[in-house]
There are 2 protein chains.
Amino acid sequence: MQDEKSGRAPAGPVSMAQVARVAGVSQQTVSRVANGLPNVSERTRERVLLAMEELGFRPNFAGRSLRSGRYNSVGLALYNVEQFGNLGTIKGVLSAAGDVGCAVTTVEMDDRAPLSLAEATRRMAGLPIDALVISMSLKSDDFEDFVPQPGLSTVLLTMYEHPRCTTVDSDQYGCSTLLMDHLAARGHREVRFVGGPAYSVDSTFREKGWRDALAARGVDAAEPLRGDWTADSGYEAGAALAGDAAMTAVYAANDQMALGVVEALRDAGRRVPEDVSVVGVDDSLRDTVPHVGLTTVRFDLVARGRAAVEQALLGTAPSYRPRAIRIPPTLVERSSVAEARR
Amino acid sequence: MQDEKSGRAPAGPVSMAQVARVAGVSQQTVSRVANGLPNVSERTRERVLLAMEELGFRPNFAGRSLRSGRYNSVGLALYNVEQFGNLGTIKGVLSAAGDVGCAVTTVEMDDRAPLSLAEATRRMAGLPIDALVISMSLKSDDFEDFVPQPGLSTVLLTMYEHPRCTTVDSDQYGCSTLLMDHLAARGHREVRFVGGPAYSVDSTFREKGWRDALAARGVDAAEPLRGDWTADSGYEAGAALAGDAAMTAVYAANDQMALGVVEALRDAGRRVPEDVSVVGVDDSLRDTVPHVGLTTVRFDLVARGRAAVEQALLGTAPSYRPRAIRIPPTLVERSSVAEARR
DNA sequence: ACCGGGAATGAGTACGTTAACATTGTGCCT
DNA sequence: AGGCACAATGTTAACGTACTCATTCCCGGT
């Protein structure tokens with residue numbers, strides 16, 4: 001049985017040599033046609049293109065990059081794929097890679113494999129990639145010893161800084177400054193904090209930003225509460241906070257918890273924002289809740305992914321020096337913040 | 001200046017031949033060590049490993065796969081990356097690929113390039129992949145002519161069926177059956193539908209499921225409303241629906257719109273679920289809204305991604321026959337559905 | 001002492017591509 | 001007419017790996 005579209009039945013992958021034979025030219029001429037080089041006569045080009053079509057030729061990636069030494073692909077090592085924010089980051093990575101004609105080669109680092117940076121790098125080093133972006137929740141001590149693969153430009157998506165790798169992240173500290181300034185400008189001094197789980201690096205940086213902002217204004221930080229990012233855990237925190245008569249504002253480390261806090265405060269008879277102001281982080285409720293009123297902060301996650309890829313590709317140049325890039329957040333002002341009562 | 005870790009400064013990528021020279025063995029022996037083959041004496045193995053370490057050897061992907069003809073990678077063509085559900089699907093793709101030691105090579109098909117299936121396949125065909133998964137919003141007519149790249153096992157993530165490619169999707173029709181059965185069992189006959197935008201294929205299938213379910217019970221379908229997936233658009237639809245005295249239930253095509261419908265109905269003085277029952281799709285509010293009460297339907301998106309990769313890899317066997325796989329949803333019963341008034 | 005056998009290792013080759021160089025053909029200028 | 005420039009095409013070599021086969025070496029059995 002023959003392929004109904006072509007006269008010949010191509011068995012397995014088709015090489016340039018086979019196309020050349022059919023077209024009656026040399027293999028080199030096929031290469032020239034495949035790469036759109038100019039020095040081919042129109043007649044020959046057509047003959048070759050026809051033969052390609054007929055045989056179903058597709059260029060062999062391995063042969064091509066063995067010759068060129070380039071892969072036109074960026075590596076992406078992901079841990080915790082389903083975590084909030086990864087989709088935007090992935091979009092940015094794909095988009096920036098696509099801009100320069102690169103694909104993205106991704107590997108999920110799950111719990112089957114060890115999670116160390118060194119291990120992740122080793123696994124990625126054997127893949128067809130020109131540069132590497134690593135997105136993993138990292139403990140600080142992992143950094144001390146880490147040495148990137150020599151000859152493989154590496155960027156880390158993290159708030160920590162590294163002497164030999166560029167690091168890129170949304171500014172998880174700066175978002176607190178932004179929100180606390182916003183609250184302070186409206187007379188809020190006693191601001192409580194509802195964080196994420198203790199192991200969360202992002203939450204830790206947001207908490208530090210909150211703490212420093214209070215300290216800068218000479219306010220003692222009241223004990224922060226801790227949720228698990230869910231709205232229900234925010235509700236619990238809000239219920240616990242409702243009795244605190246001193247505080248005038250609550251800073252929840254994400255919007256879902258902030259929504260829970262608002263609900264709990266209202267259920268406890270405290271009005272938002274008249275009695276208590278509430279702010280969150282992420283702007284994740286925009287399309288999700290009708291008439292969102294939550295004042296929050298938005299990260300440009302796509303820019304985060306884009307920056308990572310751009311730096312990783314820049315890093316292939318020998319003169320490149322590692323740097324730390326922090327994508328600034330923007331304030332999204334809605335109606336959950338009012339002037340503090342005196 | 002020398003590399004501080006090794007005696008020699010490796011210039012550029014290191015090949016097996018260079019390692020062999022340093023270790024005083026043949027290139028073939030280095031290959032055996034690199035691949036863990038048994039026929040190497042302990043003494044030689046150690047010498048080679050030492051040389052590898054010293055030079056910073058990493059196996060060349062291109063050479064390896066040129067020889068083997070395999071890439072150990074699955075291609076993923078994505079359109080509309082940030083669309084709901086993609087993160088779970090990506091997780092499933094990565095996870096299933098990782099299970100068999102494969103990476104995932106992804107390209108975003110954005111509006112710079114034409115969106116046709118043929119075009120996407122052509123672009124992916126030159127990448128280092130053994131099989132291909134395509135996730136694009138597809139119009140039905142794209143299918144008629146589409147012929148997958150010969151020799152490249154291809155799976156489409158879509159509800160449409162294709163004679164020559166396996167297609168995989170969450171059952172966007174079956175979710176309606178599930179919800180309508182649930183409502184019917186509680187005496188609901190007049191069920192209104194709030195769909196997504198007209199171009200959405202998913203919404204179209206959900207609407208068809210709703211329509212067929214009504215027809216099966218001899219109920220004339222009242223004109224469906226249309227939102228844009230956001231909670232606010234759901235609110236508008238709910239406000240328009242509130243005056244309909246005949247209906248006893250609303251089926252919104254996603255949870256965010258369903259939440260808007262609930263809010264609007266309550267603002268209009270109709271109780272949920274006592275007066276009107278409301279159901280949604282996706283179970284996307286679970287952690288997002290405190291005390292979610294919405295009855296909805298959950299898709300196993302990870303399973304969707306996993307199935308796509310599994311079928312794509314199975315498709316590399318010559319005896320494989322294309323099929324259509326629909327991942328069934330599960331009902332998530334909460335408190336927005338009650339017995340219909342008589 | 002000789003031979004057979006198996007383990008360790010090496011030599012040669014092919015995978016598909018592209019760069020560099022070589023060759024042929026064509027037309028134009030002097 | 002002779003030669004020169006340039007375009008079109010062909011030839012050769014090399015990229016790094018792993019398969020197949022050949023060789024060497026050592027040991028034990030007779």
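As the structure is a computational prediction, the values presented were derived from the model and not from experiment. Letters A, B, ... mirror the listed sequences (proteins, then strands); counts begin at 1.
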Answer yes if the side chains of B/T166 and B/Y320 hold a donor-acceptor pair under 3.5 Å, and no otherwise.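 Short answer, yes.
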Is it the case that A/T29 and A/R45 place a side-chain donor and acceptor less than 3.5 Å from each other?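 Looking only at side-chain atoms, A/R45 and A/T29 do not form any donor-acceptor pair under 3.5 Å.
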Counting only side-chain nitrogens and oxygens, does [X] get under 4.0 Å of the OP1 or OP2 atom of [N]?
X     : N      : result
B/N35 : D/dA18 : yes
A/S68 : C/dT18 : no
A/S31 : C/dT17 : no
B/S41 : C/dT9  : yes
B/N60 : D/dC15 : no
B/T44 : C/dT9  : yes
B/S15 : D/dC15 : no

I need the [atom1]-[atom2] distance between [X] and [N], as an integer number of Å.
X     : N      : atom1 : atom2 : answer
B/L37 : D/dT17 : CG    : C1'   : 12 Å
A/N39 : D/dA5  : CG    : C1'   : 14 Å
A/M16 : C/dA19 : CE    : P     : 11 Å
A/R21 : D/dG10 : CZ    : C1'   : 16 Å
A/Q18 : C/dC15 : CD    : C1'   : 12 Å
A/R32 : C/dA19 : CZ    : C1'   : 10 Å
A/E46 : D/dA8  : CD    : C1'   : 16 Å

Start at the 5' end of DNA chain C and walk down; is the nucleotide closest to A/A62 or to B/P38 reached first?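 Nearest-nucleotide comparison on DNA chain C picks B/P38.
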Ignoring hydrogens and angles, are the base of D/dA18 and the side chain of B/Q27 linked by a donor-acceptor pair under 3.5 Å?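 Between D/dA18 and B/Q27, which were checked side chain against base, a qualifying N/O pair under 3.5 Å is present.
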Using a distance-only criterion (donor-acceptor N/O pair, under 3.5 Å, no hydrogens), is the base of C/dG16 paired with the side chain of B/R67?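 Side chain to base: no pair present.
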Would you say [X] and [Y] make side-chain contact, with heavy atoms under 4.5 Å?
X      : Y     : answer
B/R58  : B/V14 : no
A/I90  : A/L78 : yes
B/L127 : B/Y71 : no

Check every atom of [options] against the side chain of [X] and return the nucleotide holding the closest atom.
X     : options               : result
A/Q28 : D/dA18, C/dT9, D/dG10 : D/dG10
B/L66 : D/dG16, C/dT9, D/dG10 : D/dG16
B/R64 : D/dT17, C/dA8, C/dC15 : D/dT17
B/F57 : D/dT17, C/dG16, C/dT9 : D/dT17

Sugar-phosphate, base or nothing in reach of B/F61, heavy atoms under 4.0 Å: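 The answer is nothing, as B/F61 stays clear of every strand by at least 4.0 Å.
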Hey, can you tell me if B/F61 and A/F61 have their rings parallel, tilted or perpendicular (30° and 60° cut-offs)?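 Taking A/F61 first and then B/F61, their aromatic rings stand perpendicular (interplane angle over 60°).
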